[in-house]
Number of protein chains: 2
Amino acid sequence: MSDLLERLRGRGWRMTSQRRVVAQVLDGDHVHLTADEVHTLAVRLLPEISRATVYNTLGELVSLGEIMEVSAAGRAMRYDPNAHHPHQHLVCSDCGTIRDVHPTGDPLAGLPAAERFGFTVSEAEVTYRGLCPSCASARGV
Amino acid sequence: MSDLLERLRGRGWRMTSQRRVVAQVLDGDHVHLTADEVHTLAVRLLPEISRATVYNTLGELVSLGEIMEVSAAGRAMRYDPNAHHPHQHLVCSDCGTIRDVHPTGDPLAGLPAAERFGFTVSEAEVTYRGLCPSCASARGV
DNA sequence: TTGCTTGCAAAGCATTTGCAAGAGC
DNA sequence: GCTCTTGCAAATGCTTTGCAAGCAA
């Protein structure tokens with residue numbers, strides 16, 4: 001967290017209270033907030049922060065590679081602060097809960113050269129879908 | 001294609017020229033159109049078709065499992081008619097071109113029980129990212 | 001005939017942008 | 001002080017909705 005602020009300062013970022021608050025709100029594991037949720041949480045710490053600033057800051061953090069965008073089909077984009085530890089997502093098809101999970105092998109290995117259409121493949125994004133324990137038991141009843 | 005129309009009729013769908021045209025536009029491999037592109041192509045075949053009807057029809061086809069939604073981070077949703085043949089996507093990070101590729105093993109195997117957080121996992125969605133041949137050579141110059 | 005479908009236009013969200021005022025370095 | 005940032009409000013882009021008219025079965 002504070003290493004994030006250090007890194008940003010090192011990259012020439014002007015440190016403002018708004019940026020500090022956004023970084024603070026995004027700290028932790030299994031955190032996948034929408035821009036709006038980030039804003040709501042940020043307002044509690046800094047009442048005058050605007051939605052536009054939250055969007056700007058999130059966009060900048062994404063292009064710096066400090067956080068990752070997680071697209072949730074049809075719904076608002078979510079932001080994952082865990083960009084420095086490669087991981088994948090496990091999503092509940094019912095309630096939308098997201099958990100971080102960790103790969104066992106190189107996901108790129110699953111794509112043989114014959115299937116690459118001449119592309120230079122650099123990355124694989126994996127999302128597992130299923131039911132979380134509470135949604136599964138709710139259905140079982 | 002015509003099997004699609006048959007299947008829809010079998011499911012109690014009222015067959016209209018609008019629905020026929022949407023199904024027709026979505027035929028083929030490596031087809032990943034946005035709703036707007038579907039509408040543009042559909043208008044050529046049936047000038048009075050409305051955007052709302054295209055959205056409705058796409059939504060229905062998705063819930064029937066006949067086509068798949070492909071979310072393109074930030075941009076408009078795309079629709080993939082190839083829902084009955086399990087496959088993954090290879091996306092060019094530069095121009096956004098999408099190709100269908102086919103898995104070599106069971107992608108679910110990559111997620112050990114210890115990492116499932118009690119979820120009942122039923123599906124894995126894999127997206128490979130990289131540069132397509134033409135974008136790669138454009139960068140090389 | 002019956003009720004599912006369509007088209008239109010307006011509403012709804014998520015996100016971006018222009019520009020003047022404000023704050024870091 | 002110079003420049004990068006912010007906040008506001010309006011604009012944009014994609015998608016959904018309400019409702020009367022239209023059409024398949």
Side-chain angles (χ1 to χ4, degrees), chain A residues 5-25 32-64 66-80 96, chain B residues 5-26 32-64 66-79 96:
Chain A
L5 295 180
E6 278 316 312
R7 245 179 343 232
L8 295 176
R9 215 185 305 267
R11 300 223 210 182
W13 250 36
R14 240 177 234 195
M15 198 45 57
T16 66
S17 48
Q18 289 85 343
R19 288 174 167 177
R20 206 173 303 117
V21 163
V22 169
Q24 195 172 336
V25 161
H32 309 93
L33 302 168
T34 61
D36 200 63
E37 288 163 348
V38 171
H39 180 243
T40 302
L41 293 173
V43 163
R44 294 195 195 153
L45 303 171
L46 187 72
E48 58 282 9
I49 192 172
S50 78
R51 214 175 300 271
T53 296
V54 169
Y55 274 103
N56 284 342
T57 307
L58 290 173
E60 288 155 4
L61 287 169
V62 169
S63 30
L64 291 178
E66 295 291 345
I67 65 177
M68 279 174 55
E69 291 188 316
V70 181
S71 51
R75 264 166 289 175
M77 191 69 78
R78 296 187 168 274
Y79 296 88
D80 185 335
Chain B
L5 295 180
E6 279 315 312
R7 247 180 340 237
L8 295 175
R9 216 186 302 268
R11 299 222 211 184
W13 251 37
R14 230 174 242 197
M15 198 44 57
T16 66
S17 47
Q18 288 84 345
R19 287 174 168 176
R20 207 172 305 117
V21 163
V22 169
Q24 195 172 335
V25 162
L26 282 171
H32 309 92
L33 301 169
T34 61
D36 200 63
E37 288 164 349
V38 171
H39 179 244
T40 301
L41 293 173
V43 162
R44 293 195 196 153
L45 303 170
L46 187 71
E48 60 280 11
I49 192 171
S50 76
R51 215 174 301 270
T53 296
V54 169
Y55 275 103
N56 285 341
T57 307
L58 290 172
E60 288 155 3
L61 287 169
V62 169
S63 31
L64 289 177
E66 294 291 346
I67 65 177
M68 280 175 56
E69 291 187 317
V70 182
S71 51
R75 263 165 289 174
M77 190 70 76
R78 295 187 168 275
Y79 296 88

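By convention in this document, chain letters (A, B, ...) are assigned in the order of the sequence lines, proteins followed by strands, and residues within each chain are numbered from 1. Predicted model only: the values in this text are computed from it and were never measured.
Within the 4.0 Å cut-off from OP1 or OP2 of D/dT16, not a single side-chain nitrogen or oxygen of B/Y55 is found. Between B/T53 and C/dG7 there is a side-chain polar atom (N or O) within less than 4.0 angstrom of OP1 or OP2. The shortest distance between the side-chain N/O atoms of B/T16 and the OP1/OP2 oxygens of C/dC4 is not below 4.0 Å. Phosphate contact (OP1/OP2 of D/dC23, side-chain N/O of B/Q18, threshold under 4.0 Å): absent.
Atom CZ of A/R20 and atom C1' of C/dG24 are 11 Å apart (whole Å). Atoms CG (B/L58) and P (D/dT16) sit 9 Å apart, rounded to a whole Å.
If you check D/dT15, C/dT15, C/dG7 against the side chain of A/A35, the one that comes closest is C/dT15. Side-chain atoms of B/A52 lie closest to C/dA9 of the nucleotides D/dG7, C/dC25, C/dA9.
Summarising the geometry, atom CZ belonging to B/R75 is positioned 11.0 Å from atom OG1 belonging to B/T34; distances are rounded to the nearest 0.5 Å.
Two residues are said to be in side-chain contact when any heavy atoms from C-beta on lie closer than 4.5 Å; A/M68 and A/Y79 fail this criterion. Contact check for B/T57 versus B/V38: no side-chain heavy atoms found under the 4.5 Å cut-off. At least one side-chain heavy atom of A/R11 sits less than 4.5 Å from a side-chain heavy atom of A/L64.
Of the two residues near DNA chain D, B/M15 and A/N56, the one whose nearest nucleotide lies more 5' is A/N56. Between B/T34 and B/R9, the residue anchored closer to the 5' end of DNA chain D is B/T34, taking for each the nucleotide with the nearest heavy atom.
Using a 4.0 Å heavy-atom criterion, one finds that B/R75 contacts no nucleic acid atom at all. A/A76 comes within contact range of the sugar-phosphate backbone alone, with a heavy-atom separation under 4.0 Å but no base atom that close.
With hydrogens and angles ignored, a donor-acceptor pair under 3.5 angstrom links the side chain of A/R14 to the base of D/dC4.
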